[in-house]
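One structure is given here, and the rest of the page talks about it.
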Number of protein chains: 2
Amino acid sequence: MARHAGVSTATVSRVLSGRGQVSPEMRRRVRRTAEELGYQVNSIARALRNSRTDTVGMVVPSITNPFFTSLVESVEHALGREGKELFLCDAQSDPEVEARRLASLVARSVDGIIVSPSHGTASGAAVQETADRLPLVQLDRFVGGTDTDWVGVDDIAAMRQVIDHLYAGGARSASFVGSRLTNSSTEQRLAGFRRRAGERGMTVREEWILLDDYTVEWGEAAVARLAGLDTLPDAIVCADDLIALGVTRACRAHGIDVPGRVQVTGFDNIEFARLSEPALTTVDQPRDRIAAEAVRLLAAAAESAAGGAPRDPCAHIALVPSLVIRDSTRSAEGTS
Amino acid sequence: MARHAGVSTATVSRVLSGRGQVSPEMRRRVRRTAEELGYQVNSIARALRNSRTDTVGMVVPSITNPFFTSLVESVEHALGREGKELFLCDAQSDPEVEARRLASLVARSVDGIIVSPSHGTASGAAVQETADRLPLVQLDRFVGGTDTDWVGVDDIAAMRQVIDHLYAGGARSASFVGSRLTNSSTEQRLAGFRRRAGERGMTVREEWILLDDYTVEWGEAAVARLAGLDTLPDAIVCADDLIALGVTRACRAHGIDVPGRVQVTGFDNIEFARLSEPALTTVDQPRDRIAAEAVRLLAAAAESAAGGAPRDPCAHIALVPSLVIRDSTRSAEGTS
DNA sequence: ATGAAAGCGCTAACAT
DNA sequence: ATGTTAGCGCTTTCAT
C-alpha cells in the first residue's frame with residue numbers, strides 16, 4: 001500500500017489514523033490509493049500496537065430471553081454514539097461457559113466488559129478476576145461479594161409497586177413464581193415481595209413460593225402445582241415475563257380466570273407481554289437508561305485506567321422502574 | 001512470563017499453544033508459572049501472527065427478532081463444537097449499518113462470516129465485497145446477484161404445504177401479509193403463495209396482498225385494513241410469526257374468529273407462536289440443521305482458502321421445512 | 001512535512 | 001528438547 005502510493009508506511013498510518021501532520025496533497029494521494037486497492041487498516045495489528053480495540057464485550061445469560069436481547073439493543077445504540085462496537089457473547093446460563101467467554105474477551109483486549117452474570121455466586125470468581133483486569137460493569141443482575149460497578153433496577157421498590165397494585169385490586173394472598181435463588185434478580189424480587197406482602201398483611205404460604213427457571217414452561221408447570229393444592233392464592237407474582245406468560249396460559253388451560261379468579265404480574269415488559277391473553281401487567285425496565293449509564297461508567301473507568309489513576313470507587317446505580325398496568329390484574333375500582 | 005519460568009518465549013508458546021515437542025517437566029513448570037501469574041496468551045498478537053482468530057462473525061438484520069436469536073443460538077452451538085467463538089453484530093435492519101459491521105469483521109480478521117442480509121438488493125455490494133475477501137455464507141435470506149454459499153429453507157415448498165393445509169381446511173380465498181419486497185424471504189414466500197394458491201384455484205385479490213414490515217404492529221395494522229374492505233378472505237398467510245401474532249391479536253380485537261371465520265398461518269415457529277391465543281399454525285425452520293450446514297460450508301471454504309486453492313463453486317442448500325399444525329387453522333375434518 | 005526504524009506479543013523456522 | 005531470531009502490520013519516536 002505504502003509502495004503503491006509512493007510514500008512511507010508512517011505517512012499512510014498518519015493519514016488513515018488521522019493523527020499527526022500530513023500535507024493535503026499527500027493526504028489525498030494516500031486516500032485515493034487506499035480506495036483503489038480496497039485497502040483497510042488491519043485492526044488486529046492496530047490493536048496490538050495501541051492495546052485498544054474500540055470494542056466492548058457483553059455477556060448475557062441467555063440470548064433467547066427477549067429481555068436480554070432488548071437490553072443488548074439498547075447497549076448497542078449507546079455504544080454506537082461513542083464509535084464503539086459490541087462483541088456479544090451468550091453464556092448459555094452456564095457459569096463455566098460464561099467464564100470462558102469472559103476470559104476470551106480479556107484475551108481479545110476489549111476496552112471494557114458489560115456482563116449480566118448468570119449465577120449469583122458461581123459467577124463470582126470469573127467476574128471478579130475479569131474486573132481486576134478491565135473496566136467492567138454488571139448489568140441487571142449482579143454477583144454478591146464482587147467489587148464492580150453495577151446498573152440495574154431497584155427490585156425492592158418494583159415489588160412494592162406490584163404488591164400495592166395487587167392489594168388495591170383486592171388481593172389478600174399471593175404466590176411467587178421465580179427461578180431458583182441462584183441469581184440476584186430472583187433473590188431481590190422475592191425479598192421485596194415478602195417484605196411488602198408482609199407489611200400489607202397478605203397471606204403468603206410457603207408452598208406458594210415456587211422456584212425453578214426463567215422459562216414459559218416453568219410458569220405452566222407452576223400453575224399445575226398450585227392448582228393441585230387445596231387453596232389458590234388471589235395473585236401470582238412472577239419474577240419475569242416469560243414465567244408470567246406460562247402462568248397465564250396455564251391458567252386458561254386449567255379454567256382459572258385471569259384476572260377474575262387470580263391476578264397475575266410479570267417483570268421486564270418484554271414485547272410479548274402486551275400480546276398475551278390477557279395482556280400482562282408488568283414492571284417496565286428502563287433499558288435505554290440502564291444501557292446509557294453502563295456505557296458512561298465504562299467510559300469513565302477506561303479513562304481513569306488510562307490515566308494510571310487508581311480505580312474509582314464503585315458505583316451501584318439502581319433505577320426505579322415503573323408499573324405497566326394491563327389486563328392481567330384488577331384495577332382499584334374492581335375491588336370487592 | 002518466560003523469564004519467571006526461566007525458559008524461552010518459544011517454549012512458553014509451544015506449551016500454551018500445544019504445538020511442538022516439550023518435555024513433561026518443562027510443560028509443568030510453564031503451566032504452573034502461568035497459573036501463578038494469571039497469565040493469558042494475548043490473542044491479538046496470536047491473531048496477528050497466525051492470521052487466524054478462531055472467531056466467526058455473524059450479522060443478523062435484527063437481534064430482537066426471536067427467529068434470528070434462536071438461529072444465533074444454533075450457530076453458537078455448532079461453532080462451539082469446533083472450538084470457535086461467535087462475534088455477533090446487529091445490522092438494525094439497515095444496509096449501511098450492515099456494511100459497516102461487515103467491514104469491521106473483515107478488519108478484525110474473523111475466519112469467516114455468516115450473514116442474513118437485511119436487504120435483497122441494497123445489501124449486495126457489501127456482501128459481495130466481503131465474500132471476495134473471506135469465507136462467507138448467507139443464512140436464511142440471501143441477496144440476488146451475489147456469488148456466495150447460502151443455506152436456508154425452501155420457501156416455495158413451505159408455501160405449498162401451507163396453502164394445501166389451508167385448502168384442506170376449507171379456505172378458497174387467501175390474503176398474504178408480509179414485509180416490503182426488499183428481502184428474499186418475503187419475495188420467495190409471496191411467490192410460493194401466489195403459485196400454489198393459483199394452482200389450487202384460490203381467490204387472491206390484489207388488495208389482500210399487504211406488505212410492510214416484520215413486526216407485530218404491522219400484523220395488527222394489516223387486519224385493520226382487511227377489515228375495512230368489503231370482503232374478508234378465508235385465510236391470512238403471514239410471512240413470519242411476528243406478523244401472524246399481530247394478525248391473530250387484531251382479529252380478536254375486531255371480533256373476527258380464528259380459525260372459525262379466518263384461518264391464520266405464520267412462518268418460523270418462534271417460541272411465542274405456540275403461546276398466542278389461538279396457538280399458531282406455522283412453518284418450522286430446521287435451525288440446528290441450517291446452522292450446522294453453514295458452519296460446515298464455512299470450514300470447507302476456510303480450508304480450501306488456506307490451501308491456496310481457487311474458491312469452490314458455491315453451494316445453495318435449501319432445506320424443506322415442516323408445517324406445525326396448531327389452533328389457528330382448521331384441520332381437514334372441519335371442512336364444510 | 002516526511003521517512004527510517006523500533007517494538008507491541010506471538011509463532012515458526014532454524015540452530016543448537 | 002530447547003533457545004535464538006525474524007517478522008506479522010501497525011504506530012510512534014527520532015531524524016531529517
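In what follows, chains carry the letters A, B, and so on, assigned in the order in which the sequence lines appear, proteins first and then strands, with residues in each chain numbered from 1.
Using a 4.0 Å heavy-atom distance criterion, A:Ser17 is classed as a sugar-phosphate-only contact. Residue contacts for A:Val12: at a heavy-atom cut-off of 4.0 Å it reaches no nucleic acid atom on any strand shown. Within the 4.0 angstrom heavy-atom criterion, only backbone atoms of the sugar-phosphate kind lie near A:Ser23; the bases stay farther away.
The two residues B:Asp90 and B:Ser62 come nearest to each other via the heavy atoms OD1-CA, 3.5 Å.
Atom CZ of A:Arg108 and atom P of C:dC8 are 22 Å apart (whole Å). One atom, CG of B:Asn42, and another, C1' of C:dC8, lie 9 Å apart when rounded to the nearest Å. Atoms CZ (B:Arg19) and P (C:dC10) sit 15 Å apart, rounded to a whole Å. Put simply, CZ on A:Arg27 is 9 Å from P on C:dT2, counting in whole angstrom units. Spacing between atom CZ of A:Arg52 and atom C1' of C:dC8 amounts to 15 Å, rounded to whole angstrom units. The CG-C1' distance, from A:Asn50 to C:dC8, rounds to 10 Å in whole Å. One can place CZ of A:Arg29 at 13 Å from C1' of C:dG3, the figure rounded to the nearest angstrom. The separation between B:Leu48 atom CG and D:dA6 atom C1' is 13 Å, rounded to whole Å.
With hydrogens and angles disregarded, a donor-acceptor distance shorter than 3.5 Å links the side chain of A:Ser17 to the backbone of A:Ser13. Although no hydrogens or angles enter the test, the distance criterion places a donor-acceptor pair under 3.5 Å between the side chain of A:Arg27 and the main chain of A:Val22. Within the 3.5 Å criterion, the main-chain N or O of B:Arg52 finds no donor-acceptor partner in the side chain of B:Asp111.
With the nearest nucleotide of DNA chain D identified for both B:Ala45 and B:Thr11, B:Thr11 has the one nearer the 5' end. Where A:Thr9 and A:Met26 meet DNA chain C, the nucleotide closest to each residue was compared, and A:Met26 sits on the side nearer the 5' end.
On a pure distance criterion of 3.5 Å, a polar donor-acceptor pair joins the side chain of A:Arg14 and the base of C:dG3.
Partner of A:Leu105 under the side chain to side chain contact (heavy atoms under 4.5 Å, CB included) criterion, chosen from A:Thr55, A:Val59, A:Thr130: A:Val59.
Comparing the axis of the opening five pairs of the helix from C:dA1-D:dT16 to C:dT16-D:dA1 with that of the closing five pairs yields an angle of 40°, rounded to 10°.
At the phosphate of C:dG9, neither OP1 nor OP2 sits under 4.0 Å from any side-chain N or O atom of B:Arg49. The side chain of A:Tyr39 contributes an N or O atom lying less than 4.0 Å from OP1 or OP2 of D:dC10.
Taking the six-membered ring where tryptophan is involved, the planes of A:Trp150 and A:Phe142 are perpendicular, since the angle between them exceeds 60° and thus also 30°.
Ion pair A:Arg32/A:Glu35 not flagged as a salt bridge, since none of the NZ, NE, NH1 or NH2 atoms sits closer than 4.0 Å to an Asp/Glu carboxylate oxygen.
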